[in-house]
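Here's the structure, in structure tokens; my notes come after.
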Amino acid sequence: MREEGVTTQELRDYRPEQKTWQGRLTFIMAASGSAVGLGNLWKFPYVAGENGGGAFVLVYLACIIFFGIPLLMAEIGIGRSTRKNAYGAFSILAEKTGASKYWRSVGGLAICTSFLILSFYIVVAGWCLYYFYITATGYFNVPSHSLDKNLTGRTFETLLASPTILIISSIAFLGMTYAIVTSGVVKGIEKAINWLMPSMMLILAALIGYSATIGNFDAAVEFLFKPDFSKLTFDSAIIALGHSFFTLSLASASMITYGSYMPGKASIPKTAFAVAGIDTLVALTAGLAIFPLVFQHGLEPGAGPGLMFISLPLIFNDIPYGQLFGSAFFFMMFIAALTSGISLMEPTVAWLEQRFNWTRKKSAALTAFSLWLVSLGTVFSLNIWNSPAFFGKNLFDALDYLTANVFMTLGALATAIFCGYCLKTNQLKLLFGEESLAIPAFRATMKYLVPLFILALALTSI
Ligand code: TRP
């Protein structure tokens with residue numbers, strides 16, 4: 001019978017030597033690179049648009065503060081205290097606390113989730129690459145009145161209808177992700193992140209400046225920050241919660257795996273706040289880059305997934321330097337997707353490496369190849385195989401729903417229960433540092449707040 005769990009020393013001894021990143025800043029950049037992605041730039045603006053703007057933003061912020069940040073701390077801590085991939089991390093912690101060994105399946109599910117998300121993420125990231133290409137080469141640069149919504153709409157439909165373009169663009173994206181991941185945690189990921197994140201931030205800042213100068217900035221601010229509670233439905237709350245998990249890359253092994261590369265001394269709570277802060281800031285500023293132009297042109301803010309690919313090109317055609325602005329915009333989306341793609345590939349690669357003792361090259365190659373095969377399902381479900389074979393959804397929508405709404409919710413719930421009920425206080429200390437005052441609050445959040453809220457939402461949605 002284990003009574004007290006482990007001693008701090010015991011758990012420290014459990015850490016095999018492993019490369020960690022240079023410092024806290026690299027970790028913050030890598031983790032916010034994971035967090036900031038298509039979720040922030042593509043999904044958040046249109047979801048906020050569809051769900052009434054400001055009121056949705058408030059609920060979303062509450063979800064980030066009460067559920068997102070605590071879970072983010074938990075996942076980083078689980079990774080760092082074991083220095084293992086998600087499956088290995090849950091195995092070790094379960095063994096050390098005397099909990100059932102089947103807790104490791106939570107880690108396994110998380111790895112599957114990241115793999116499946118990446119299998120369709122590369123397709124959407126491929127759209128960004130394609131749009132970057134056509135915007136930069138002047139495709140949308142036509143005499144003003146000949147570009148209308150039918151035309152941009154048709155361009156998007158033609159893209160989705162063409163397996164060849166979809167396959168080429170997703171392979172291009174997957175290839176870059178693979179090239180970075182296969183070069184290693186320090187030589188590949190750290191090095192790439194150190195370039196990619198600052199570039200993305202610079203482009204975003206330039207875009208906001210430009211959009212504020214020529215667009216209807218006041219209307220955008222009012223839309224994003226003035227809550228209209230009449231538009232807020234129960235469904236919006238579920239969407240806000242799911243999106244807060246998705247945007248922080250939770251419940252899908254990314255943060256556990258990155259946590260396992262985090263330097264030992266940095267403070268986890270502070271780091272988690274920084275990452276969530278950057279992520280939220282980017283989501284809101286992305287809105288501030290896009291909506292001024294949308295309102296200026298009298299377009300619909302709630303235009304759905306097509307907002308980015310159908311409505312925006314109309315604007316790019318109409319504004320001064322639109323070709324430059326438009327291509328910078330899609331290039332920024334591509335960088336954001338790349339830093340997230342890396343974090344979605346790493347969990348599987350780390351697991352293969354550690355579980356089967358394979359080299360990184362072999363693990364990365366196998367992961368990339370299987371991702372490509374699975375991504376074909378998404379590609380074809382947009383055209384030649386667009387059938388509602390999965391509970392009335394095509395494969396793409398079904399995968400999106402299954403991962404973002406089912407797997408991630410289950411994973412978050414299980415992680416919270418594990419931290420709340422299985423981990424002993426001295427293990428939590430290891431996560432947060434010896435004297436952290438936050439431990440009682442953290443435990444209460446994991447024990448009651450997160451599970452109750454998720455269960456309530458799940459029950460009502462059924
Ligand atoms: N957070 C990223 C986004 O907002 C996507 C992402 C990266 C992700 N890693 C993840 C989503 C892990 C879920 C799980 O686009």
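Atoms within each ligand, like the ligands themselves, are counted from 1 in listed order. Quick note: residue numbers are just sequence positions, from 1.
Heavy-atom proximity to I117, at under 4.0 Å, picks out these atoms of ligand 1: 13 (C), 14 (C). Annotation for ligand 1: atoms under 4.0 Å from non-hydrogen atoms of N40 are 4 (O). Each of the following atoms of ligand 1 lies closer than 4.0 Å to a heavy atom of A35: 1 (N), 2 (C), 3 (C), 4 (O). Using a 4.0 Å cut-off to heavy atoms of S343, the atoms of ligand 1 that qualify are 7 (C), 9 (N). Residue-ligand proximity, S254 to ligand 1, at heavy-atom distances under 4.0 Å covers atoms 9 (N), 10 (C), 12 (C). Within ligand 1, counting atoms from 1 as listed, the ones closer than 4.0 Å to a heavy atom of L38 are 15 (O).
When non-hydrogen atoms are compared, ligand 1 lies under 4.0 Å from the backbone of S249 as well as from its side chain. Only side-chain heavy atoms of Y121 come within less than 4.0 Å of ligand 1; its backbone N, CA, C and O stay farther off.
Ring pair W351/F356: centre-to-centre distance below 6.0 Å.
The protein atom (non-hydrogen) at minimum distance from atom 11 (C) of ligand 1 is F246 O, 3.4 Å. Of the protein's non-hydrogen atoms, the one nearest atom 2 (C) of ligand 1 is S34 O, 3.2 Å.
Between Y258 and W21, the angle of the ring planes goes over 60°, which puts this pair in the perpendicular group of the 30/60° scheme. Between F132 and F331, the ring-plane angle classifies as tilted under the 30° and 60° cut-offs. Taking the six-membered ring where the residue is Trp, Y131 and F156 present perpendicular rings, their angle passing 60° and hence far from 30°. Under the 30°/60° scheme for interplanar angles, the aromatic rings of F295 and F223 are found to stand perpendicular. Using bins of under 30°, 30° to 60° and over 60° for the plane-to-plane angle, the ring pair W127/F309 lands in the perpendicular bin.
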Working for side chain to side chain donor-acceptor pair (under 3.5 Å), residues E190 and Y261 | CA-CA 10 Å; E190 176 166 356; Y261 309 136; over 6 Å; no

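Annotation: L344 places no N or O atom under 3.5 Å from an N or O atom of ligand 1; distance criterion only. Backbone and side-chain nitrogen or oxygen atoms of V36 are examined, and none is located within less than 3.5 angstrom of a nitrogen or oxygen of ligand 1. Considering backbone and side-chain atoms alike, S252 places every N or O at 3.5 Å or more from each N or O of ligand 1.
Contact check on E346 versus R360 returns a salt bridge, with a Lys/Arg side-chain nitrogen under 4.0 Å from an Asp/Glu carboxylate oxygen.
Counting non-hydrogen atoms of neighbouring residues, nucleotides and ligands closer than 6.0 angstrom, the CZ atom of F380 exceeds 12 such neighbours.
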